[in-house]
Participant: 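Can you read through this structure? Questions will come right after.
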Amino acid sequence: QVQLVESGGGLVQSGGSLSLSCESSESIFSIYAMGWYRQAPGKERELVATIFSGGTTNYADFVKGRFTISRDNAKNTVTLQMNSLKPEDTAVYYCNARVVGGSVSPYDYHYWGQGIQVTVSS
């Protein structure tokens, strides 16, 4: 089982920046994809950004070029740099790891961090 520990959340003014970090108990070099989701009050959980083992990234359209996802394989850490934050970015952010494998018994598992609060004031 992959254990994920998040850090870096907090309170920031509109237009400011925050950086979220997620440390994995397993080597992220061997994890198919890692990413960040968020859930705002009254909304469903939604994908924010993903980075794959090969380095490819994708972003939700509402990020609008403001967020950057990156990883440090040596530290087993994925980072979400959030710039130009807006009040609508206020949510609980969750780190996610997707583990895929198995030739005889295929598997596709998702593991989650505990969630970390990001609050953006206007």
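Reckoned from all heavy atoms, side chains included, excluding hydrogens, waters and symmetry mates.
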Participant: Start with the C-alpha gap between K86 and V120, add the side-chain angles, then the distance that decides, and say whether side chain to side chain contact (heavy atoms under 4.5 Å, CB included) holds.
Facilitator: CA-CA 6 Å; K86 306 173 181 179; V120 184; 5.5 Å; no
Participant: Quick one: do Q13 and S121 satisfy side-chain hydrogen bond (donor to acceptor under 3.5 Å, both in side chains)? Show the steps, please.
Facilitator: CA-CA 5 Å; Q13 291 277 97; S121 62; 2.6 Å; yes
Participant: For a quick test of reading the model, state the closest non-hydrogen atom pair linking E26 to Q1 and the distance between them.
Facilitator: OE2-O, 4.0 Å
Participant: Examine distances only and state if a side-chain atom of T57 and a backbone atom of T50 form a donor-acceptor pair shorter than 3.5 Å.
Facilitator: no
Participant: When the aromatic ring centroids of F52 and Y32 are compared, is their separation below 6.0 Å?
Facilitator: yes
Participant: OH/Y37 to OH/Y94 distance, rounded to the nearest 0.5 angstrom?
Facilitator: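 Between atom OH of Y37 and atom OH of Y94 there are 13.5 Å.
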Participant: Please report the closest heavy-atom contact between R71 and G55, naming both atoms and the distance.
Facilitator: NH2-N, 3.5 Å
Participant: Do the non-hydrogen side-chain atoms of M82 and S19 ever get within less than 4.5 Å of each other?
Facilitator: no
Participant: Between the side chains of R38 and E46, is the shortest nitrogen-to-carboxylate-oxygen separation below 4.0 Å, so that they form an ion pair?
Facilitator: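 A salt bridge is present here (some side-chain N lies under 4.0 Å from a carboxylate O).
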Participant: Taking side chain as C-beta onward, heavy atoms only, is M34 less than 4.5 Å from L4?
Facilitator: yes
Participant: Can you check whether S27 reaches N76 side chain to side chain, under 4.5 Å on heavy atoms?
Facilitator: yes
Participant: Can you find a side-chain donor-acceptor pair between N83 and S17 that sits under 3.5 Å?
Facilitator: yes
Participant: Which pair of heavy atoms, one from P41 and one from T90, lies closest together, and at what distance?
Facilitator: CD-O, 4.3 Å
Participant: Should W112 and V2 be regarded as members of a common hydrophobic cluster, given that ILVMFWY residues are connected when their side-chain heavy atoms come within less than 4.5 Å of each other, either directly or indirectly?
Facilitator: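 Hydrophobic grouping puts W112 apart from V2.
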Participant: Under a single-linkage definition using a 4.5 Å side-chain heavy-atom cutoff for Ile, Leu, Val, Met, Phe, Trp and Tyr, are I69 and I28 assigned to the same hydrophobic cluster?
Facilitator: yes
Participant: So, for R98 and I31, which heavy atoms are closest and what is the spacing to 0.1 Å?
Facilitator: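 Closest heavy-atom pair between R98 and I31: O-CG2, 3.3 Å.
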Participant: Parallel under 30°, tilted from 30 to 60°, perpendicular over 60°: which one fits the rings of Y109 and Y111?
Facilitator: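 If you compare the ring of Y109 with that of Y111, the planes turn out perpendicular.
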Participant: Side-chain contact test, heavy atoms from C-beta onward, threshold under 4.5 Å: evaluate it for T68 versus L80 and give yes or no.
Facilitator: no
Participant: Apply side chain to side chain contact (heavy atoms under 4.5 Å, CB included) to the pair T77 and T79, showing each step before the final yes or no.
Facilitator: CA-CA 7 Å; T77 300; T79 298; 4.2 Å; yes
Participant: What are the two closest heavy atoms between S14 and S122, and how far apart are they?
Facilitator: CB-CA, 4.1 Å
Participant: Under the side-chain hydrogen bond (donor to acceptor under 3.5 Å, both in side chains) criterion, do Q117 and T119 qualify, and how do the steps go?
Facilitator: CA-CA 6 Å; Q117 179 70 47; T119 302; 3.3 Å; yes
Participant: Does the side chain to side chain contact (heavy atoms under 4.5 Å, CB included) test come out yes or no for Y107 and V100, once each step is laid out?
Facilitator: CA-CA 6 Å; Y107 56 87; V100 178; 5.7 Å; no
Participant: Answer with yes or no after comparing the ring centroid distance for F67 and W36 against a 6.0 Å cut-off, counting only values under it.
Facilitator: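 Here the rings of W36 and F67 have centres that are no less than 6.0 Å from each other.
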Participant: Consider only side-chain heavy atoms of I, L, V, M, F, W and Y, link residues closer than 4.5 Å, and tell whether L20 and F62 are in one cluster.
Facilitator: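 As far as the 4.5 Å side-chain criterion goes, F62 and L20 are connected within one cluster.
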Participant: Heavy atoms, side chains only, cut-off 4.5 Å: are S21 and E6 in contact?
Facilitator: no
Participant: For Q3, I'd like to know if atom CD has over 12 heavy atoms of other residues, nucleotides or ligands within 6.0 Å.
Facilitator: no
Participant: Might you point out which heavy atoms bring S84 and D89 nearest each other, and give the distance in Å?
Facilitator: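 Looks like O-OD2, 4.5 Å.
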Participant: With side chains defined as the heavy atoms from C-beta onward, is the minimum distance between V92 and I116 less than 4.5 Å?
Facilitator: no
Participant: Show, in sequence, the C-alpha distance, side-chain angles and deciding distance for I51 and T56, and conclude whether the side chain to side chain contact (heavy atoms under 4.5 Å, CB included) test is met.
Facilitator: CA-CA 6 Å; I51 185 165; T56 302; over 6 Å; no
Participant: Is there a donor-acceptor contact under 3.5 Å from the side chain of S105 to the main chain of G102?
Facilitator: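 The answer is no, because no donor-acceptor pair under 3.5 Å joins these two groups.
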